[in-house]
Every structure is written in structure tokens, then in C-alpha cells.
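The structure appears right after this line, and notes come after that.
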Amino acid sequence: MKAHDTIRAALVQAAARLGVSVTASAVELERPRDPAHGDVATNLALALAKSLKQPPRAVAERLVAALELPPGPVRKVEIAGPGFINFFLAEAQLASVLEAILAAGERYGRSDPGNGVRVNVEFVSANPTGPLHVGHGRGAALGDAIAALLEGTGHAVVREFYVNDAGTQIDKLARSLWARVQQRVGRDVQVPEGGYHGDYLIELAEGILAREGRAFADLPQEEGIGRCRSIGVLSQRAEQDEDLREFGVKFDVIYFESELYRGQLIERTLADLTRRGYTYEQDGALWLRTTAFGDDKDRVLRKSDGTYTYLLPDIAYHRHKRERGFARAIDVWGADHHGYVPRLQAGMKALGYPEDFFHAEIVQLVRVMRGGEEVRFSKRTGDFVMLRDLFEETGVDAARYFFLMRRGDSQFVFDVDLAKSQTEENPVFYVQMAHARMSGIFRVAARDPAAVRADGTDLSVLDAPEEVDLMKELAEFPRVVEGAARTLEPHRITGYLEGLARLVHAWYHKYRVLGEPEEAARLVLAAGARQVLANGLRLLGISAPDRM
RNA sequence: GCGCCAGUAGCUCAGCUGGAUAGAGCGUCGGCCUCCGGAGCCGAAGGUCCCGCGUUCGAAUCGCGGCUGGCGCACCA
């Protein structure tokens with residue numbers, strides 16, 4: 001908002017007059033919780049107290065005395081509490097946010113601090129060994145929202161999914177599937193130890209036999225397992241893609257581990273690490289000196305049997321991201337992998353990459369509750385609850401919203417009954433309903449809300465407390481988006497939307513729009529509120545329905 | 001044993017990188033439907049911010065030491 005910039009600049013100038021050099025971005029402006037403390041406040045005097053060796057209030061007095069604000073946006077400046085400087089904005093300033101919203105439309109809330117920086121966001125990256133479960137769903141919702149937040153703040157984002165199609169897990173999948181094929185033709189073969197026991201491989205085995213004929217089961221074992229490997233990976237990948245598509249997540253790049261081997265990227269990475277002096281041989285294995293970067297112990301890159309551990313391909317993969325020109329690589333990982341962060345980070349530093357290149361966002365596990373009881377297992381996989389089962393029951397919007405409404409790093413209980421309920425208790429419903437209500441006004445008025453403009457409308461009649469509060473909240477949206485993007489915390493958006501929806505409902509309930517003397521101005525307010533609700537929901541990948 | 005994450009109202013959780021009297025929803029209690037959707041709105045009660053020590057003008061927030069819970073600590077992925 002323009003008033004913020006004006007205040008910021010004036011404060012920087014005032015500080016300079018006191019002999020302190022402050023950058024504009026270092027001046028913190030916030031909206032006080034208590035309206036009696038004004039519309040904008042800064043703690044600048046408190047922050048400068050130490051270096052000036054003066055009491056905060058005295059610093060505040062001097063700052064205000066040195067402050068030169070152009071006439072217009074600010075009508076009053078106060079010093080309060082321990083030394084806060086509070087600014088009170090002119091009323092006209094407040095309503096101008098509506099003009100800004102309607103002029104920007106879908107773009108309201110977007111900003112450009114990212115300045116076109118290229119960011120790779122990798123998430124889900126499930127092994128192609130079975131269906132996606134709810135934990136993947138939380139990662140999918142979070143990764144997609146983080147990507148959208150970064151896009152909304154001016155970053156060039158690529159959404160990426162990494163497929164481990166070359167490891168031992170894939171061998172287990174192939175052998176498990178082969179065993180199921182044998183079982184279906186009546187042979188007494190067991191699914192191997194540590195293999196995949198879920199019913200979905202029985203279904204897949206039946207499909208193979210139906211398509212290929214019984215002769216498939218009589219293939220030589222090596223060939224049969226090989227066929228099972230490619231069929232298994234392809235079918236699981238296809239199924240995961242379909243789940244993700246229906247969940248509303250679209251990836252720009254699907255990267256297969258096997259591509260790393262084809263491009264000699266593993267060997268090149270190993271050569272880099274060695275050339276930089278961070279590898280050594282011991283006990284027949286090749287080690288990476290990760291302790292040089294804060295890891296507990298050094299890690300093996302190449303085992304004594306000559307094969308690679310998981311770490312080396314992963315370093316190679318992230319090196320490849322760097323080579324593709326990304327300034328940042330953000331990975332969304334499940335909590336069960338968090339112990340892995342220090343060694344991959346060490347790998348990045350061993351390659352000489354800056355500290356902030358790689359960042360792992362850890363997502364804690366999800367528990368699912370229904371009817372007051374925990375739902376642990378899915379029949380089909382014999383394991384976790386499947387993502388598909390969840391969103392088919394609750395709807396995609398509710399599932400995504402619920403995954404996003406808590407910080408990723410806190411454990412989360414998904415209440416299926418709440419997600420399905422069509423009442424105010426359900427936050428998704430509550431927020432979407434606020435949007436639908438605003439749309440309803442325009443439906444009755446037979447107007448297109450997207451075509452509403454503030455030009456020439458007298459907005460000074462929007463002076464009821466509920467209307468003032470609503471406009472102030474609408475003005476906060478761009479800052480909320482920026483904060484959420486900076487901290488990679490989409491839950492700030494859901495929290496904001498719930499607060500905004502509350503104000504919208506309260507306003508709607510108390511004041512009529514159509515047929516009132518204030519109709520024109522209130523239509524502008526309704527259109528603005530509707531736009532911000534829609535923009536917030538869209539950012540999270542959730543629909544903004546016009547009626548429910 | 002070591003590491004990471006969490007511990008805030010009866011419950012689920014926020015708390016904007018150290019600021020003003022710690023907030024919201026649900027639940028509880030009490031009000032409100034001639035209406036653009038009551039599928040909603042308004043109000044009240046409710047706190048040892050896990051405990052202790054420290055850092056400073058100021059700590060839920062930072063540091064140290066404990067306690068509780070989750071997850072990790074492979075030449076697995």
C-alpha cells in the first residue's frame with residue numbers, strides 16, 4: 001500500500017537526521033491489534049534505542065520531531081507504550097484499497113520481491129511402488145501451495161517430482177509382483193521378505209494375466225521379474241499421476257533416477273566431490289566427509305560391494321538442479337526422512353553451493369480420525385490410509401484446505417467428519433460460504449462482480465465499524481502473502497482467510513446491499529471482498545464457488 | 001545415549017523472526033431468524049504460554065538445564 005511506503009521513507013529520513021543509517025527494508029511496520037494504537041505502527045525507536053544509548057521513548061520523541069510526512073495519507077502520529085510510533089491514516093486512504101483490488105483483480109496480492117529468481121520445488125516424490133497415502137497428500141498440498149506462494153511473489157517456479165526407479169525398492173516391487181503372478185496360477189510362492197504385501201499387486205497381477213495370458217507366468221524367472229519391474233513401475237506411476245491430477249496438483253518435471261545414470265551425472269558428481277577433497281576410502285568403501293559440515297558422522301557414498309548408497313544419486317540429482325540454473329532447491333520431505341537433511345546439506349556444501357541453495361521443508365505425519373476413532377489402515381495397501389480414499393470421501397477442496405491449515409512441522413490429526421460437514425464449524429466451508437454469499441449479491445443484482453469498478457463511486461459512505469475493519473483486513477492481504485511466501489507457511493493464508501470470512505459474514509449479516517442508499521459503495525466493497533477471498537483460495541489450489 | 005520437531009484456554013491450533021492488556025475456532029453458557037442463503041450472526045466465562053535458571057528497557061518468542069510426546073540415528077531407501 002502506498003501509505004506504507006510513504007511512512008517507511010519518512011522514517012528512514014528521520015533516522016538519518018538522528019545520525020543513524022537504516023535501510024527501508026529494516027523498518028518494520030505492523031498493524032496493531034488494538035485499533036486504538038492506530039493503523040500502522042513501528043517499533044523503530046525501540047530497535048534504535050540500544051545503538052543510540054537512549055531510552056526508547058526519548059528516541060521516539062526525536063524521531064517524530066524529525067519526521068516529515070507529506071500531507072494526505074497520515075492524519076495523526078502518536079508515541080505510545082514503551083516507544084511505539086503509531087500512525088493514523090486518513091479515511092480516504094482506507095477506501096482506496098478497494099480501487100486497488102478491483103483494478104488488479106486476480107493479481108491483487110501478488111508482488112515481486114522474488115525478482116524472477118528461479119526456484120525448484122520438489123515434493124511428493126513417492127516411490128513408484130504403490131498408491132499415494134495421506135502423508136503424500138499433505139506433502140502434495142503443501143508443496144503445491146509453497147510453489148504458488150513463491151510464484152505469487154515473483155519467483156520463477158518449477159514443480160518437480162523425483163522418481164526412485166533404480167533402487168532396491170523397485171526390485172522388491174518386481175519380485176512381489178512376480179510372486180503374485182505365480183500365486184494366481186496356483187503356485188505356492190510367497191511374497192518376499194520386506195516386499196509389498198498390499199492387495200493392489202494382486203489386482204495388478206490379475207490384470208497382467210488377463211492381458212498377457214497364462215503363459216506369462218511360465219516365463220523364465222529373470223525375464224518375468226524384469227517384465228514385472230517395468231509393468232509395475234509404469235502402472236504405479238500412472239496411478240499416482242491420476243491421483244495427483246484429481247487432487248489438483250500438476251508437475252512441470254517428472255525426473256527419473258535412472259536418468260542420472262544415463263547422463264553420467266553420478267560419476268561427474270563423484271569426481272567433483274573427490275576433486276574438492278571431501279572423499280576418502282576406508283574399509284573398502286568410499287566415504288564423504290560430511291562431518292566437515294556439521295553432520296554427526298561421515299557417510300558412505302559407494303559401498304564395499306561397488307554399488308552406490310542413496311546419498312550419492314541424491315547429491316548428483318541436486319547438483320543437476322543447480323546446473324539447470326535454479327538459485328534455490330526446496331524439497332518437501334516426510335518427517336521420517338528428516339535425519340537425512342544434514343548429510344544432503346553437507347553434500348551441497350561440499351560442492352561449494354551456498355547455504356541457502358538447498359532447503360528441506362519437513363512435513364510431520366498425518367493421523368486420520370473418523371467417528372472419534374483413528375483410521376490406521378487401508379485395506380488395499382494393508383498400510384496407510386490412501387490419499388484417494390480420503391479426497392473421494394471429503395472432496396478435494398476440504399482435503400487440501402485441511403492439509404494446509406496447520407503448520408507443516410506440527411503433527412496433524414485429520415478429522416474426516418469435520419472436513420465433510422456443511423456447517424460453520426468446518427473452516428473450508430466457512431470461507432467458501434463467505435465467497436458464495438458475496439457472489440449471491442451479484443447474482444440477485446444480475447451484475448458481473450468482475451466488472452465492478454470503484455471509479456466515481458463515493459466510498460466515504462463505507463464508514464460503519466464493520467466496513468472499516470473489513471477494508472483494513474483486505475489491505476493486509478499482500479503483506480500476508482509475502483510473509484507466507486518468505487517463511488514457506490501456507491497456513492498463514494488459511495488463517496487470514498478465516499479471519500476475513502468472519503468479517504465478511506458479520507458485515508453481510510448486519511447490512512443489506514441491494515436497494516439501500518449505499519448500494520453502489522457496498523457493491524464495491526462486496527466485489528473487493530469476493531476478489532480477495534477468491535485470490536486467497538486460488539493460491540491454495542482450492543475452488544471459490546459462486547454458490548454452494 | 002545422540003539429533004530434529006513439538007508442548008499456548010476443556011479440545012484443535014495461531015501468535016507476523018524480541019514488543020503494547022497472549023488470540024481464533026470448536027465445546028460450554030446466554031442472546032438473535034418478515035432479510036442479497038440462519039448452511040448464518042452477536043455476547044460471556046475460560047491461561048502457571050510444560051518446569052527452572054539466564055540474556056535486556058522488554059521473553060510464549062533467544063540461550064542453558066530438565067520433563068513429556070512424535071520422528072530419526074545403516075556400507076537401507
Is the closest side-chain donor-acceptor distance between Asp305(A) and Thr307(A) under 3.5 Å? yes

Short side-chain donor-acceptor distance under 3.5 Å, His359(A) and Arg328(A): no

Please measure how far the [atom1] atom in [N] lies from the corresponding atom in [M], and state the result in whole Å.
N       : M       : atom1 : result
rA44(B) : rA24(B) : C1'   : 16 Å
rG3(B)  : rG65(B) : P     : 9 Å
rC62(B) : rU56(B) : C1'   : 11 Å
rC50(B) : rC35(B) : P     : 49 Å
rC13(B) : rA6(B)  : C1'   : 12 Å
rC16(B) : rA60(B) : C1'   : 14 Å
rU8(B)  : rG47(B) : P     : 15 Å
rC33(B) : rU12(B) : C1'   : 30 Å

Any strand counts, and the cut-off is 3.5 Å on both contacts for Watson-Crick or G-U wobble. Which nucleotide pairs with [N]?
N       : answer
rG40(B) : rC32(B)
rC62(B) : rG54(B)
rU17(B) : none
rC4(B)  : rG70(B)
rG27(B) : none

Using ring-ring contact (aromatic ring centres under 6.0 Å, His included) as the criterion, list what pairs up with [X], not counting sequence neighbours.
X         : value
Phe402(A) : Phe414(A)
Phe161(A) : Phe251(A)
Tyr317(A) : Tyr162(A), Tyr255(A)

What pairs with Lys349(A) under salt bridge (charged side-chain N to carboxylate O under 4.0 Å, His left out), at least two apart in sequence or on another chain? Glu355(A)

Sequence neighbours left out, what passes salt bridge (charged side-chain N to carboxylate O under 4.0 Å, His left out) with Glu498(A)? Give chain and number order. none

Please enumerate all residues that pass side chain to side chain donor-acceptor pair (under 3.5 Å) together with [X], with sequence neighbours excluded.
X         : result
Arg175(A) : none
Tyr430(A) : none
Ser176(A) : none

Tell me, which pairs form a side chain to side chain donor-acceptor pair (under 3.5 Å) where one or both residues lie in residues 511-521 of chain A, sequence neighbours left out? Glu466(A)-Tyr511(A)

For [X] and [N], give me the distance from atom [atom1] to atom [atom2], rounded to whole Å.
X         : N       : atom1 : atom2 : result
Leu149(A) : rC16(B) : CG    : P     : 17 Å
Leu142(A) : rC5(B)  : CG    : C1'   : 15 Å
Arg512(A) : rC33(B) : CZ    : P     : 17 Å
Glu30(A)  : rA20(B) : CD    : P     : 8 Å
Glu476(A) : rA14(B) : CD    : P     : 20 Å
Glu78(A)  : rA20(B) : CD    : P     : 17 Å
His509(A) : rC33(B) : NE2   : P     : 9 Å
Trp333(A) : rC5(B)  : CH2   : P     : 15 Å

When all nucleic acid strands are considered with a 4.0 Å heavy-atom cut-off, which category describes [X]: base, sugar-phosphate, or nothing?
X         : value
Gly440(A) : sugar-phosphate
Val444(A) : sugar-phosphate
Ala41(A)  : base
Asp295(A) : nothing
Met405(A) : nothing
Tyr508(A) : base
Tyr511(A) : base

Among rG40(B), rA20(B), rG15(B), which nucleotide sits nearest the side chain of Asn86(A)? rA20(B)

Side chain of Arg437(A) - closest among rG15(B), rC41(B), rG40(B): rG40(B)

Compare the ring of His37(A) with the six-membered ring in the base of rA20(B) and state whether they stack (centres under 5.5 Å, planes under 30°). yes

Given RNA chain B, 5'-ward residue of the pair Tyr430(A) and Arg486(A), judged by closest heavy atom: Arg486(A)

Gln422(A) or Leu46(A): which one's nearest nucleotide on RNA chain B is closer to the 5' end? Leu46(A)

Take the angle between the ring planes of Trp287(A) and Tyr280(A) and call it parallel below 30°, perpendicular above 60°, tilted in between. parallel

Please work out whether rU21(B) sits syn or anti, treating a glycosidic angle within 90° of 0 as syn. anti

Which of Lys172(A), Gln236(A), Gln169(A) passes side chain to side chain donor-acceptor pair (under 3.5 Å) with Tyr196(A)? Answer is Gln169(A)

Please say whether more than 12 non-hydrogen atoms of neighbouring residues, nucleotides or ligands are located less than 6.0 Å from CZ in Arg31(A). yes

Check whether Asp448(A) reaches the backbone of Ala450(A) with its side chain - one donor and one acceptor, N or O, closer than 3.5 Å. yes

Can you tell me if the side-chain N/O atoms of His491(A) get under 4.0 Å from OP1 or OP2 in rG15(B)? yes

The contact string for nucleotides 68-77 of chain B, one letter per nucleotide 5' to 3', using protein heavy atoms under 4.0 Å with B, S and - for base, sugar-phosphate only and none, comes out as -BSBS--BSB

When every nucleotide of nucleotides 58-65 of chain B is labelled 5' to 3' by its protein contacts under 4.0 Å (heavy atoms), B for base, S for sugar-phosphate only, - for none, what sequence of letters results? --------

Between protein and nucleotides 23-26 of chain B, what N or O pairs are separated by less than 3.5 Å?
{"from": "rA24(B)", "atom 1": "O2'", "to": "Arg502(A)", "atom 2": "NH2", "distance (Å)": "2.9"}
{"from": "rC26(B)", "atom 1": "OP1", "to": "Glu424(A)", "atom 2": "OE1", "distance (Å)": "3.3"}

